[in-house]
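What follows is one structure encoded as structure tokens, with my remarks underneath.
Basis for what follows: all heavy atoms, side chains included, without hydrogens, waters or symmetry-related copies.
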Amino acid sequence: MPMYQVKPVCGGEMNVDVPTCMYKLPNIHAQQGNSRTSEHALQNGEVDSAVKALEVRQDEIMRKLYELKAAVEGLAKTVTTPDADLDLTVSSSLSSQACSSTLFKGATDLDTLLGKDLGALRDIVINANPAQPPLTLLVLHSLLCQRYRVLSTVHVHSSVTSVPPQLLSCLGPRHADSYARHMFQLGFTLIWKDVPKLQMKFSVQNMCPIEGEANVARFLFKLLAPYPSDPALATLVDSWVDTAFFQLADCSAKERAVVLRALNSTLGRSPWLVGSEFSLADIACWCCVLQSGAAPSAPSNVQRWLMACENLGHFGPAKLLLQ
């Protein structure tokens, strides 16, 4: 083994055995060449391959962290609701259509209405009794899927012994990317549960439940378009919605006939119930006319209007439940 001489500062000499294999000097010329190459690449707008690989890896890590955060927040919302004893997840679907519904000229922004919450999916949780399927929700769900990217899921609560197959698939088939919550803008969860009336929960921590199909329908419709700016027209919409649920859906045959005559008179003057634009009034009344079984004997203007609604294409899921 070679010897190296090390001269101390104080004078004299001392011999130290140092293995030559322990010290390997870097190739300065090679480093300078690499430095000049990297400098040349940066001057020409190129990205060093090592830096590019590091950026790709960082983006992948951030993507996975974002997915994990969204999944945890979604799970937290499920756990904090009193309906956490769900025992069966049936289906979920995705609508990725970028364009908004052509029915509504003044479509609203979801973040403006519900608040912007980065990394979290805004979940709408609805409890419905399978003995009284909410047809308006299926129509509104179809319209929401045309406006937003909606993660739609059907659950069966333990309080319900059995649910017909058409109710289990009423929101569409399961989507392959349903686990990736960050891909969606809105969560629409329908729970078939033994409840006396329809219930909706949006913000579990900050909002009390909304009860009644009419009130839930109003909430969902406002995610699609604002009510008419004219107070008189807005009141007229609400009046028809209340008439649909409190008279058409739950009244005697004599009272139902009075409402059908009023519908026929109104539809003789305009194509829709509130002026020239399709509104929540048309959705609510169509669903209640069909659900009450009064459609076959309805007057001529009502028959024409029923067909016009069906031609829009958003009433298909609701009509399937009536067959």
Side-chain angles (χ1 to χ4, degrees), residues 103 126-144 164 166-167 170-171 190 192 195-200 210-222 224-225 227-228 233-275 277-323:
L103 290 173
I126 298 172
N127 298 323
N129 197 317
Q132 300 172 334
L135 299 185
T136 56
L137 266 62
L138 301 185
V139 178
L140 290 168
H141 170 263
S142 179
L143 289 167
L144 286 170
Q166 62 268 29
L167 295 185
C170 63
L171 299 185
L190 178 59
W192 295 117
V195 289
K197 61 176 62 177
L198 195 76
Q199 300 172 346
M200 190 203 78
I210 296 177
E211 293 191 345
E213 187 172 349
N215 294 325
V216 174
R218 289 185 177 99
F219 178 91
L220 296 178
F221 186 83
K222 289 178 181 179
L224 295 164
Y227 262 40
L233 292 179
T235 302
L236 187 57
V237 171
D238 282 328
S239 176
W240 277 118
V241 171
D242 289 338
T243 298
F245 287 106
F246 295 111
Q247 290 184 272
L248 273 174
D250 188 18
C251 67
S252 64
K254 184 177 180 179
E255 291 173 320
R256 188 177 298 116
V258 173
V259 176
L260 289 174
R261 286 197 295 270
L263 283 171
N264 192 62
S265 176
T266 300
L267 293 170
R269 298 188 298 269
S270 62
W272 305 108
L273 289 176
V274 183
E277 294 186 3
F278 179 83
S279 70
L280 179 61
D282 299 286
I283 297 175
C285 289
W286 183 94
C287 292
C288 290
V289 168
L290 267 291
Q291 204 160 24
S292 66
S297 59
S300 58
N301 292 333
V302 177
Q303 293 281 1
R304 174 192 52 78
W305 165 78
L306 290 173
M307 186 61 65
C309 290
E310 294 177 21
N311 289 339
L312 295 177
H314 306 294
F315 293 80
K319 196 169 183 180
L320 286 175
L321 294 186
L322 299 173
Q323 295 177 352

Interatomic spacing from [atom1] in [X] to [atom2] in [Y] - rounded to 0.5 Å:
{"X": "Asp238", "Y": "Thr243", "atom1": "CG", "atom2": "OG1", "result": "10.5 Å"}
{"X": "Leu138", "Y": "Leu190", "atom1": "CG", "atom2": "CG", "result": "7.5 Å"}
{"X": "Phe315", "Y": "Asp282", "atom1": "CZ", "atom2": "CG", "result": "7.0 Å"}
{"X": "Leu137", "Y": "Cys170", "atom1": "CG", "atom2": "SG", "result": "9.5 Å"}
{"X": "Thr136", "Y": "Leu280", "atom1": "OG1", "atom2": "CG", "result": "8.0 Å"}
{"X": "Thr266", "Y": "Trp305", "atom1": "OG1", "atom2": "CH2", "result": "10.5 Å"}

Considering only heavy atoms from C-beta outward, does the side chain of [X] approach that of [Y] to under 4.5 Å?
{"X": "Ser292", "Y": "Arg256", "result": "yes"}
{"X": "Leu263", "Y": "Asn301", "result": "no"}
{"X": "Arg304", "Y": "Leu267", "result": "yes"}

Between the side chain of [X] and the main-chain N/O of [Y], is any donor-acceptor distance below 3.5 Å?
{"X": "Gln291", "Y": "Pro133", "result": "yes"}
{"X": "Gln303", "Y": "Ala295", "result": "yes"}
{"X": "Trp240", "Y": "Val274", "result": "no"}
{"X": "Asn311", "Y": "Met307", "result": "yes"}
{"X": "Glu255", "Y": "Ser252", "result": "yes"}

For the residue pair [X] and [Y], what are the closest heavy atoms and their distance?
{"X": "Ala128", "Y": "Val195", "result": "C-CG2, 4.0 Å"}
{"X": "Glu213", "Y": "Leu135", "result": "OE2-N, 3.6 Å"}
{"X": "Trp192", "Y": "Leu167", "result": "NE1-O, 3.0 Å"}
{"X": "Leu198", "Y": "Asn127", "result": "CD1-O, 3.3 Å"}
{"X": "Ala234", "Y": "Pro228", "result": "CB-O, 3.7 Å"}

Test ring-ring contact (aromatic ring centres under 6.0 Å, His included), reference Phe278, set Trp286, Trp272, Phe221, output is Trp272
If you measure only the distance, is there a donor-acceptor pair under 3.5 Å linking the side chains of Arg261 and Asn264? no
request  = Check whether the side chains of Ser265 and Arg269 place a donor and an acceptor atom closer than 3.5 Å, and report yes or no.
outcome  = yes
For this session: Mind running side-chain contact (heavy atoms from CB on, under 4.5 Å) on Leu290 and Leu306 for me, showing each step along the way?
Result: CA-CA 9 Å; Leu290 267 291; Leu306 290 173; 3.7 Å; yes
Audit row: Phe219, Asn215, side-chain contact (heavy atoms from CB on, under 4.5 Å) steps and yes/no: CA-CA 6 Å; Phe219 178 91; Asn215 294 325; over 6 Å; no
